[in-house]
Amino acid sequence: MSAVLNFKSHLAESFAHALREVAPDFVGATILIERPKQASHGDYACNLAMQLAKPLRKSPRDIANALIAALPKSDVVEKVEIAGAGFINVFITKAAKQEVVRGVLQAAANYGRVNAGAGKKVGVEFVSANPTGPLHVGHGRGAAVGDCLCSVLDAAGWDVTREFYYNDAGVQIDNLTLSVQLRCKGVTPDDASWPESGYRGDYIADVARAYLAKETVVSSDQSTTGSGDVDDVESIRHFAVAYLRREQDLDLRAFGVEFDVFSLESALYTEGKVEATVQKLIASGHTYEQEGALWLRTTDFGDDKDRVMRKTDGGYTYFVPDVAYHLEKWKRGFVRVINEQGSDHHSTITRVRAGLQALDEGIPKGWPDYVLHQMVTVLKNGEEVKISKRAGSYVTLRDLIDEVGCDATRYFLAARHPDSQLVFDIDLAKSQSNDNPVYYIQYAHARISTVLAQWGGERAALLHADVSVLDSEYESAVLQRMIDYPQVIETAAEDLAPHQVAFYLKELAADFHSYYNASRFLVDDEKIKLARLALIAAVAQVLKNGLALLGVSAPEKM
RNA sequence: GUGCCCGUAGCUCAACCGGAUAGAGCACCAGCCUUCUAAGCUGGGGGUUGCUGGUUCGAUUCCAGUCGGGCACACCA
């Protein structure tokens with residue numbers, strides 16, 4: 001009696017049983033149980049009969065009848081009907097649905113957690129910005145989507161590690177170092193001698209000032225003090241990177257995003273991992289020398305042309321340390337790795353996978369997974385703000401948090417399919433902040449909190465409420481929506497699509513708001529009152545659980 | 001020119017791995033507050049799912065082509 005039944009899988013098993021009896025030759029048929037859009041089509045529907053019609057050369061309705069006759073008895077099933085071209089519609093008993101209230105209240109923060117991941121390790125890398133400037137909107141999208149994805153995977157039973165990879169080596173860092181050094185010497189981007197590739201943002205001057213003042217920068221894993229020596233390039237480099245890492249860390253913390261592991265590209269070099277990987281690749285026979293450079297034959301693994309590993313100047317191209325880095329991840333025991341990145345980096349996918357395949361370490365072909373989010377364009381005063389790090393003109397993540405708020409920004413960036421381009425209209429987000437869907441959801445939670453506060457009774461009493469009186473159409477809708485929640489988590493995790501949680505919450509909030517306007521909760525009849533309060537307390541719990549996955553607060557008052 | 005992503009209501013977006021009459025919000029029109037929060041609710045108008053073919057009981061979804069938008073195509077990160 002305690003656990004809420006997973007109706008979907010329960011019915012899938014029932015139909016599998018019926019299938020074995022009716023058509024033993026076709027037990028391999030996929031059994032799909034879905035939720036019909038219309039209430040008149042029942043709570044769950046199965047299309048098995050239509051699938052079998054052709055191979056069995058019988059009419060779908062005849063097959064449907066046979067299947068229904070072969071269904072094992074179930075005390076949660078009210079009735080089964082055949083409709084349309086041969087859909088089998090299943091109606092669940094009210095009593096079984098009402099059980100979800102107790103299920104939610106008992107499981108509380110754990111309601112919605114499923115075991116699809118079975119405790120397996122998954123490493124999720126996201127943001128991974130170069131430490132060459134503040135985080136901008138694009139990083140914000142990566143942070144919001146990545147963090148939410150991690151939360152969803154965690155809820156789906158995976159053992160999640162959040163990881164940030166700093167590209168603190170290479171040409172961009174050289175440019176950064178040079179820019180800071182020039183600023184230290186009093187050269188500004190307006191001077192004719194300012195290099196084309198130099199960073200022009202004002203923050204470079206801040207770094208220079210701090211360096212000259214011999215400030216100490218403390219970040220999550222190190223402490224660096226500026227020497228103030230304008231000719232000590234190594235010292236400037238260390239200081240600039242540490243300074244900007246600290247800024248990024250602060251931005252992320254303000255955004256409510258925290259990481260378990262920070263990996264540094266530079267460490268791969270100093271620890272010899274890059275060199276070791278190169279040697280392994282050479283030994284694998286997939287490399288060759290040409291025109292003074294070392295190439296990896298990535299065309300052996302589906303790339304359209306081979307890629308240079310070591311340039312004529314002796315330096316490695318970007319993907320080489322990236323391959324070394326992913327080999328490390330593999331060795332750290334991640335059966336699954338997901339990299340959340342901007343779609344402008346998609347060309348690395350083939351190279352990294354090719355490099356890993358060439359290593360011949362038994363790494364699966366499609367490893368690692370990637371979630372790519374499309375570009376974010378920012379609209380301000382009706383005009384597109386061009387993002388250019390070098391020009392120093394861009395909207396920082398911090399700007400957005402300050403202007404729009406953390407909750408709204410996170411919701412806005414995470415509530416869309418990563419594959420679609422996103423226009424962030426700052427004026428709209430600010431001026432219409434009351435119409436932001438995140439408030440709609442939070443408002444539902446706040447309303448419930450107020451009602452429960454006015455009631456003032458013991459929450460524990462709600463566990464024993466007689467939920468059998470919950471039978472209005474509004475109540476049925478809310479019950480069914482809550483029953484759907486664990487399935488939403490499972491699907492969102494499977495599809496690596498955290499935005500589905502956001503849409504679900506909007507629908508649950510809508511069901512509640514309709515219910516709220518149509519009925520009263522603090523009524524005289526004690527039995528009805530407790531039942532309704534138990535129901536909305538459960539709604540509040542699900543809203544809270546879902547908002548937590550999005551990294552959005554669930555306020556008691558608004 | 002090549003590869004990847006996208007194209008759904010005026011605008012911003014959904015659609016449960018191919019299902020039943022394609023759904024929300026914003027905007028527009030008409031209603032609902034002496035009773036738990038009107039940041040809410042109820043109703044209405046608005047669609048050839050870019051276009052053309054194909055696959056099948058059935059296509060927004062899969063395939064081919066085509067048009068449009070974005071991104072990537074360096075010994076760049």
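Here the structure is a predicted model, which is why all the values come from computation and not from measurement. Just so it is clear: chains get the letters A, B, ... in the order the sequence lines come, proteins before strands, and each one is counted from 1.
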**Asked** Aromatic ring centroids of Phe164(A) and Phe126(A) under 6.0 Å?
**Response** no
**Prompt:** So, is C33(B) syn or anti if syn means the angle is within 90° of 0?
**Reply:** syn
When you compare the protein's N or O atoms with those of nucleotides 42-44 of chain B, which come within less than 3.5 Å of each other, and at what distance?
residue, atom, partner, partner atom, Å
U42(B), OP1, Ser514(A), OG, 2.8

**A39(B) phosphate, OP1 or OP2, under 4.0 Å from Tyr443(A) side-chain N/O** = yes
**Asked** Can you check the Tyr440(A) OH to U37(B) P distance for me, whole Å?
**Response** 17 Å
**Message:** When you measure from the side chain of Thr277(A) to the backbone of Val320(A), do you find a donor-acceptor pair of N or O atoms at a distance under 3.5 Å?
**Reply:** no
**Asked** Judged by atom type as modelled, is there a donor-acceptor pair below 3.5 Å linking the side chain of Arg532(A) to the main-chain atoms of Arg520(A)?
**Response** yes
N/O-N/O pairs, protein side and nucleotides 19-21 of chain B side, under 3.5 Å:
residue, atom, partner, partner atom, Å
G19(B), N7, Asn47(A), ND2, 2.7
A20(B), OP2, Lys37(A), NZ, 2.9
A20(B), N6, Asn89(A), OD1, 2.7
A20(B), N1, Asn89(A), OD1, 3.3
A20(B), N1, Asn89(A), ND2, 3.2

**Asked** Can you check the Phe521(A) CZ to U35(B) P distance for me, whole Å?
**Response** 16 Å
For nucleotides 45-51 of chain B, give me every protein contact, N/O to N/O, under 3.5 Å, one pair per line with atom names.
none

**Prompt:** Looking across every strand, which nucleic acid part, if any, lies under 4.0 Å from Glu490(A) by heavy atom: base, sugar-phosphate, or nothing?
**Reply:** nothing
**Fill in**
Scoring nucleotides 69-77 of chain B by protein non-hydrogen atoms under 4.0 Å (B base, S sugar-phosphate only, - none) yields BSBSSSBBB
**Message:** Applying a 4.0 Å non-hydrogen cut-off, can you work out what Ser128(A) is touching in the nucleic acid: base, sugar-phosphate, or nothing?
**Reply:** nothing
Report, one pair per line, the protein and nucleotides 30-32 of chain B atoms (nitrogen or oxygen only) whose separation is under 3.5 Å.
none

**Asked** What nucleotide among U37(B), C16(B), A14(B) has an atom nearest to a side-chain atom of His499(A)?
**Response** A14(B)
**Message:** Pick the closest RNA chain B nucleotide for Arg35(A) and for Lys557(A) by heavy atoms, then say which residue is nearer the 5' end.
**Reply:** Arg35(A)
**Prompt:** Rounding to a whole Å, what distance do you find between Phe512(A):CZ and C41(B):C1'?
**Reply:** 12 Å
**Prompt:** How is Glu494(A) classified with respect to the nucleic acid when contacts are heavy atoms under 4.0 Å: base, sugar-phosphate, or nothing?
**Reply:** base
**Prompt:** Between atom CD1 in Ile536(A) and atom C1' in U37(B), what is the gap in whole Å?
**Reply:** 12 Å
**Request:** State whether the side chain of Arg353(A) and the backbone N or O of Pro368(A) hold a donor-acceptor pair below 3.5 Å, judged by distance alone.
**Result:** yes
**Message:** Looking only at the aromatic ring of each residue, does the gap between the centers of His346(A) and Tyr370(A) stay below 6.0 angstrom?
**Reply:** no
**Message:** Please pick, from A39(B), C6(B), A24(B), the nucleotide with the shortest atom-to-atom distance to any side-chain atom of Asp419(A).
**Reply:** C6(B)
**Request:** Verify whether the ring centers belonging to Phe512(A) and Tyr443(A) lie closer than 6.0 Å.
**Result:** no
**Message:** Give the dot-bracket line for RNA chain B from 5' end to 3' end: parentheses for intra-strand Watson-Crick or G-U pairs under 3.5 Å, square brackets for crossings, | for inter-strand pairing, dots for unpaired.
**Reply:** (((((((..((((.....[...)))).(((((.......))))).....(((((..]....))))))))))))....
**Request:** Output yes when a side-chain donor or acceptor of Trp295(A) lies under 3.5 Å from a complementary backbone atom of Gln290(A), and no otherwise.
**Result:** yes
**Message:** Regarding Ala446(A), tell me which of base, sugar-phosphate or nothing describes its non-hydrogen contacts under 4.0 Å with the strands shown.
**Reply:** base
**Item:** Close side-chain approach of Tyr203(A) to Leu244(A), heavy-atom, < 4.5 Å
**Value:** yes
**Message:** For a quick test of reading the model: is some side-chain N or O of Arg416(A) closer than 4.0 Å to OP1 or OP2 of C13(B)?
**Reply:** yes
**Asked** Base, sugar-phosphate, or nothing: which does Lys8(A) touch, judged by heavy atoms less than 4.0 Å apart?
**Response** base
